[in-house]
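Notes to accompany the following structure.
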Amino acid sequence: MKKFCLIFLCIILSGMTQAQEVRKIPVESKVETTNEVTIKGKRVPYRATAGTQPVWDEKGEPIASLFYTYYERTDISDKASRPLVISFNGGPGSASIWMHLAYTGPVILNIDSEGYPVQPYGTKANPHSILDVADIVYIDPVNTGYSRIIKEDTPRGTFFGINSDIKYLADWVNTFVTRVNRWASPKYLIGESYGTTRVAGLVAQLQNSHWMYFNGVILVSPTDMGIERGGPIKMANYWPYYAATAWYHKALPAELQSKDLDELLAIVEPFAVNEVLPAMSKGGMLSDSERDAIATKMAYYSGLSKTSILQQNLMIPTSFFWKELLRERDGMTIGRLDSRYKGFDRMEGGVTYDFDPALTSWNHAFAPAFNIYAKNVLKFNTDLTYNLFGPVHPWDRSNETTGYDLGTAMRQNPYLHLMVQSGYFDGGTDYFNAKYSTWHIDPNGKMKDRIDFKGYRSGHMMYLRAEDLATSNEDIRQFIQKSLVKPGQPAMYK
């Protein structure tokens, strides 16, 4: 009886061990598949490689393994002139799924034309993908997607912080580019949301520590990237976003509502800089008449009541705006990441909403689609959970200088161009603060010819809207073609 129990126990333990091993990410692996997509009416054959590549410590031992998906056009023989786009999303703690399955890749989510989920979940061909002009690799940082820590006693600070994230990812990218033999290729970094902090720092780290030089950086819905702003500056910069959102929800006076959005923003942007900012800066020094006058104009351009603006001392938090704008009209809230989306809370009272109706809508479109795509199309089989948002906290946010580092990298590298893409209805990383960042990346204005700003009539993920998916991909396509260098052209300032 004792012998039987011992054997039974060994079988159980063996099964548990095998299950645990199955649920671990392989340190190194890859599986290749081939497919094709029609882009701008032309057939584009490609190879997709889904795999894992390690992160090593200083002793050369694997401490983590990152999942990636690499798309290469297969009817191109000259890889030296073929651009390579290296793509990250944000969070921190977010996988690369968002731009992978909804923006630049050869397949996109099955969603409606405005970005709302539909069933059955899944993917479809992306006729606007940039794969016709560039190969693309999507990378999941540690603990996102299928990426995991392997050496469990590795200090979390090795991965989870602004500067440690940049350091280990730069080393990983260096290894990847070497393995796939793409050092000669024109290279681009693209990041979304916190991913803009990541790629702004990466381009400087790769340039200065790995001697890898880039042709372009694309910032999609950028964060502040450590560029100083606070108090009145940040709060005044929100006003164009408030005006755009109020315009979308038809909450402005008739004479403003009748204007096109571009025409409206051309009025509100100078108002924010020249009138709202000075008034906020004066604080208690404003006279009663001045305070009343500026509150009247702020209400006129935002859809909020003058009373609510005065009660907030002119400085309206975004959280209050999302709750307040439609409160009296229909009791609905608006989305943080895309203020076209509406939701409702348990109670209409309060100063902030219960949840972001944009993000909750997106989550249940992306997760099923990627799990279906990874297994059935990429043929990457694993029992791991694909973490849309992974456990990466606490995140060390100290010593952030990534926006300034990007500016320095551009001044050091005459080949390096920058494009910013923002949605006018994004309240998480609003478009006017993104513009402000470009002004301070290039404070003396000498790089204006290498910096582009593109705005779209959607939110944080502007590409979820069908019209903007086409436009924003074409903007990337044009940006790549603009920033390619003619053979023999020296990297020098004239």
Side-chain angles (χ1 to χ4, degrees), residues 19-37 44-55 64-74 85-91 93-111 117-126 129-131 135-150 169 172 176 179-180 190 192 195 362-392 461 463-464 469:
Q20 288 170 353
E21 289 173 353
V22 169
R23 291 179 68 88
K24 289 181 179 179
I25 188 171
V27 176
E28 297 203 46
S29 66
K30 68 177 183 179
V31 57
E32 295 181 353
T33 54
T34 57
N35 215 318
E36 64 179 57
V37 62
V44 176
Y46 65 89
R47 175 171 52 250
T49 303
T52 56
Q53 178 185 294
V55 176
S65 188
L66 303 192
F67 176 76
Y68 67 90
T69 310
Y70 177 38
Y71 295 98
E72 304 169 85
R73 184 168 177 170
T74 53
V85 174
I86 301 166
S87 182
F88 292 94
N89 272 94
S94 173
S96 66
I97 183 173
W98 314 100
M99 290 198 293
H100 183 180
L101 277 200
Y103 194 5
T104 52
V107 298
I108 51 174
L109 292 176
N110 183 29
I111 53 179
V118 297
Q119 291 185 341
Y121 299 119
T123 57
K124 57 188 177 184
N126 181 5
S129 170
I130 61 170
L131 190 57
D135 295 337
I136 319 164
V137 58
Y138 301 92
I139 303 164
D140 292 339
V142 170
N143 276 9
T144 75
Y146 293 134
S147 301
R148 297 291 189 273
I149 295 172
I150 294 173
L169 286 173
W172 193 97
F176 178 83
R179 285 185 171 190
V180 298
I190 181 171
E192 178 182 60
W362 298 337
N363 285 347
H364 73 85
F366 278 89
F370 189 84
N371 280 276
I372 295 166
Y373 179 68
K375 183 175 182 64
N376 298 330
V377 181
L378 295 178
K379 306 300 182 183
F380 189 87
N381 290 302
T382 179
D383 286 334
L384 288 172
T385 297
Y386 190 87
N387 290 335
L388 270 67
F389 303 101
V392 301
M461 299 183 191
Y463 43 81
L464 294 182
L469 173 69

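Only this structure's heavy atoms are used, side chains among them; waters, hydrogens and symmetry mates stay out.
- Annotation: side chain of Thr382 is in contact with side chain of Tyr146 (closest heavy-atom distance under 4.5 Å).
- The two residues Pro141 and Leu66 have their closest heavy-atom pair at C-CD2, 3.9 Å.
- Residue Pro45 is tested with Leu131, Thr74, Thr34 for a side chain to side chain contact (heavy atoms under 4.5 Å, CB included); the sole match is Thr74.
- The shortest distance between side-chain heavy atoms of Phe366 and Leu109 falls below 4.5 Å.
- Put simply, the side chain of Val142 does not reach to within 4.5 Å of the side chain of Arg148, judged on heavy atoms.
- Note: Phe67 CZ to Ile139 CD1 = 11.5 Å, rounded to the nearest 0.5 Å.
- Note: Glu192 CD to Tyr463 OH = 3.0 Å, rounded to the nearest 0.5 Å.
- Residues Asp140 and Tyr68 fail the side-chain proximity criterion, which asks for heavy atoms closer than 4.5 Å.
- With rounding to the nearest 0.5 angstrom, the OG1 atom of Thr123 is 10.5 Å from the CZ atom of Phe370.
- No donor-acceptor pair under 3.5 Å is formed between the side chain of Asn143 and the backbone N or O of Gly93.
- Considering OG of Ser29 and CZ of Phe380, their distance stands at 4.5 Å, rounded to 0.5 Å.
- Side-chain contact between Ile136 and Ile86: absent, with no pair of heavy atoms (C-beta onward) separated by less than 4.5 Å.
- Taking the ring centroids of Tyr138 and Tyr70, they lie at or beyond the 6.0 Å cut-off.
- Between Val37 and Pro106, the closest heavy-atom pair is CG2-O, 3.7 Å.
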Kindly determine whether Val44 and Glu36 satisfy side chain to side chain contact (heavy atoms under 4.5 Å, CB included), including the steps that lead there.
CA-CA 5 Å; Val44 176; Glu36 64 179 57; over 6 Å; no
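- When side chains are defined from C-beta on, Leu169 counts as touching Phe88, because their heavy atoms get closer than 4.5 Å.
- Taking the six-membered ring for Trp and the full ring otherwise, the centers of Tyr71 and His100 sit less than 6.0 Å from each other.
- In plain terms, the two heavy atoms of Asn126 and Thr104 that are nearest each other are ND2-C, 4.2 Å.
- Under the 4.5 Å side-chain criterion, counting only non-hydrogen atoms from C-beta, Ile111 is in contact with Leu464.
- The aromatic rings of Trp98 and Phe389 sit tilted relative to each other, their planes meeting at an angle between 30° and 60°.
- Using a 3.5 Å distance cut-off with no hydrogens or angles, the side chains of Tyr46 and Asp135 do not pair a donor with an acceptor.
- The CD1 atom of Ile190 lies 12.0 Å from the OG atom of Ser96; values are rounded to the nearest 0.5 Å.
- Every residue was checked against the side-chain hydrogen bond (donor to acceptor under 3.5 Å, both in side chains) condition with Asn110, not counting sequence neighbours, and none meets it.
- Residue pairs meeting the salt bridge (charged side-chain N to carboxylate O under 4.0 Å, His left out) criterion with at least one member in residues 65-74, sequence neighbours excluded: Arg47-Glu72, Glu72-Lys79, Arg73-Asp75.
- Residue Val377 comes nearest to Asn35 through the heavy atom pair CG1-ND2, 4.4 Å, listed as atom of the first residue, atom of the second, then distance.
- Two residues are said to be in side-chain contact when any heavy atoms from C-beta on lie closer than 4.5 Å; Thr49 and Thr69 fail this criterion.
- Using modelled atom types, one side-chain atom of Ser65 and one backbone atom of Val27 make a donor-acceptor pair closer than 3.5 Å.
- Considering CG of Leu388 and CG of Asn371, their distance stands at 8.5 Å, rounded to 0.5 Å.
- Taking both residues in full, the closest heavy atoms of Leu101 and Tyr373 are given as CD2-CD2, 3.9 Å, listed atom of the first, atom of the second, then distance.
- Between the side chains of Asn387 and Thr144, no donor N or O sits under 3.5 Å from an acceptor N or O.
- Looking at residues two or more places apart in sequence or on another chain, you find no salt bridge (Lys or Arg N to Asp or Glu O under 4.0 Å) involving Lys124.
- Here the closest heavy-atom approach between residue Gln53 and residue Trp172 is recorded as O-NE1, 3.0 Å.
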